[in-house]
Amino acid sequence: MSVGIVKSKSGEIYASPVFALKYAGWKSAAIVFNESFDKIKKIKMWNTGFGGIRRNVFVIENDFDEGKGKWTGYDWVLRDKRLFKAIRFKREASIALFPSFQDYCKKISFPDYFELKTDRDVETLEEVSLGFHDALIEEYTENEDRISIRFDTTWDCLITVIFEGVIAADFKEKVGQIFDSEIKKTDDGFLFSVTEGIAGWIDGCDYGAETGEPYIRCKKMFWQIEIV
């Protein structure tokens, strides 16, 4: 099941199944439950107004292929023309009128940390973190073969990534802000590398830091998200 964390207009944060997605830049949208789980609604994934850019939907688990500019989702949802008509004009529809959604009205629980196992898991982390674009290193800890990094994504969420069974790393004090990054599944685990960024450390830019491509190669990766 595709699942997301939603931030409502009132600021309430809750987990909801994601029934369909449309990726279209700042106009991206999702079909989810409202915070009371009594209505289905179409919500903009981003708010772009005078208050700045704010993020409304964080897709934590995604079963859908990315169709740029087109809706992708569960077939039974995409085929329901009456539903799309309802949410197009009123932005939401009562579950009472669409009983197929009632089976999904269940509390969603997440593990303390998500583990990367497949390429799809990698894609999910890259999607929810936006590739760590513009992310800052808020906290870095290293203990034997374990590295933990808390990233301030600057996109309304903090993400902690734990690298277990570190095989090789050249990362500490080489990253202040990330512009672009990459996660690859390898034969022996995973490779996380910062392909573009500013050298430095948590409290400011250290222009004397070594340049190069910071990386961490490890056997396992886990991650956790905190919405702010």
Side-chain angles (χ1 to χ4, degrees), residues 1-106 108 110 114 118-135 153-157 159 180-181 183 223 225 227-228:
M1 181 174 68
S2 291
V3 178
I5 299 176
V6 182
K7 183 185 288 186
S8 69
K9 289 183 178 180
S10 64
E12 183 174 348
I13 297 171
Y14 64 98
S16 169
V18 177
F19 298 101
L21 289 167
K22 181 170 72 174
Y23 288 104
W26 300 125
K27 296 183 179 180
S28 297
I31 296 176
V32 298
F33 284 135
N34 67 347
E35 54 267 46
S36 302
F37 272 53
D38 59 354
K39 293 181 180 178
I40 313 109
K41 68 177 182 178
K42 180 176 75 172
I43 182 173
K44 293 180 179 179
M45 296 178 71
W46 297 90
N47 276 341
T48 54
F50 293 111
I53 300 172
R54 305 296 297 176
R55 198 169 176 184
N56 298 324
V57 181
F58 305 77
V59 181
I60 304 300
E61 297 177 7
N62 187 1
D63 291 339
F64 313 137
D65 294 326
E66 183 173 334
K68 293 183 178 179
K70 297 181 179 180
W71 284 104
T72 60
Y74 299 114
D75 288 340
W76 60 274
V77 175
L78 299 178
R79 291 196 300 263
D80 196 330
K81 295 181 180 179
R82 189 167 63 97
L83 171 67
F84 274 84
K85 183 178 180 180
I87 62 176
R88 183 168 66 249
F89 292 107
K90 295 184 179 180
R91 296 286 179 181
E92 60 183 22
S94 172
I95 290 178
L97 299 175
F98 299 91
S100 298
F101 288 88
Q102 291 179 353
D103 290 341
Y104 293 85
C105 293
K106 301 174 183 177
I108 296 173
F110 296 122
F114 297 93
T118 66
D119 288 328
R120 191 67 167 181
D121 295 334
V122 171
E123 291 171 5
T124 296
L125 177 55
E126 290 184 325
E127 178 181 303
V128 75
S129 67
L130 301 181
F132 294 99
H133 175 65
D134 281 349
T153 70
T154 69
W155 300 105
D156 301 314
C157 70
I159 295 178
D180 200 8
S181 67
I183 303 173
W223 64 278
I225 187 170
I227 312 302
V228 295

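As a basis for the values below, the full set of heavy atoms in this structure was taken, side chains included, without hydrogen atoms, waters or symmetry mates.
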I'd like to know if the side chain of [X] reaches the main chain of [Y], judged simply by a donor and an acceptor atom lying under 3.5 Å from each other, with no hydrogens or angles considered.
X	Y	answer
Asp121	Thr118	yes
Trp155	His133	yes
Ser181	Gly131	yes

Measure across [X] and [Y] and return the closest heavy-atom pair with its distance rounded to 0.1 Å.
X	Y	result
Ser100	Trp76	CB-CZ3, 3.6 Å
Ile227	Lys7	CG2-CE, 3.9 Å
Ser16	Ile108	C-CD1, 3.6 Å
Leu78	Phe84	CA-CE1, 3.9 Å
Met45	Tyr23	CE-CE2, 4.3 Å
Ser28	Ala24	OG-N, 2.8 Å

Answer yes or no: is there a side-chain heavy-atom contact under 4.5 Å between [X] and [Y]?
X	Y	answer
Val3	Pro17	no
Leu130	Thr153	no
Ile31	Lys22	no
Phe37	Phe101	no

Single hit among Ile40, Asn56, Val6 for side chain to side chain contact (heavy atoms under 4.5 Å, CB included) with Val32: Val6

Pair Tyr104 + Phe33: ring centers closer than 6.0 Å: no

Supply the atom-to-atom distance [X] [atom1] to [Y] [atom2], rounded to the nearest 0.5 angstrom.
X	Y	atom1	atom2	value
Phe132	Ile183	CZ	CD1	5.5 Å
Phe64	Phe19	CZ	CZ	9.0 Å
Ser129	Ile225	OG	CD1	9.0 Å
Ile60	Leu125	CD1	CG	9.5 Å
Ile159	Trp223	CD1	CH2	6.0 Å
Asn47	Lys9	CG	NZ	8.0 Å

Salt bridge (Lys or Arg N to Asp or Glu O under 4.0 Å): pairs with one or both residues in residues 47-64, sequence neighbours excluded: Arg54-Asp156

Residue list, side chain to side chain contact (heavy atoms under 4.5 Å, CB included) with Asn34, at least two apart or on another chain: Ser36, Asp38, Lys39, Lys41

For Lys85, side chain to side chain contact (heavy atoms under 4.5 Å, CB included) partners two or more places apart: Arg88, Phe89

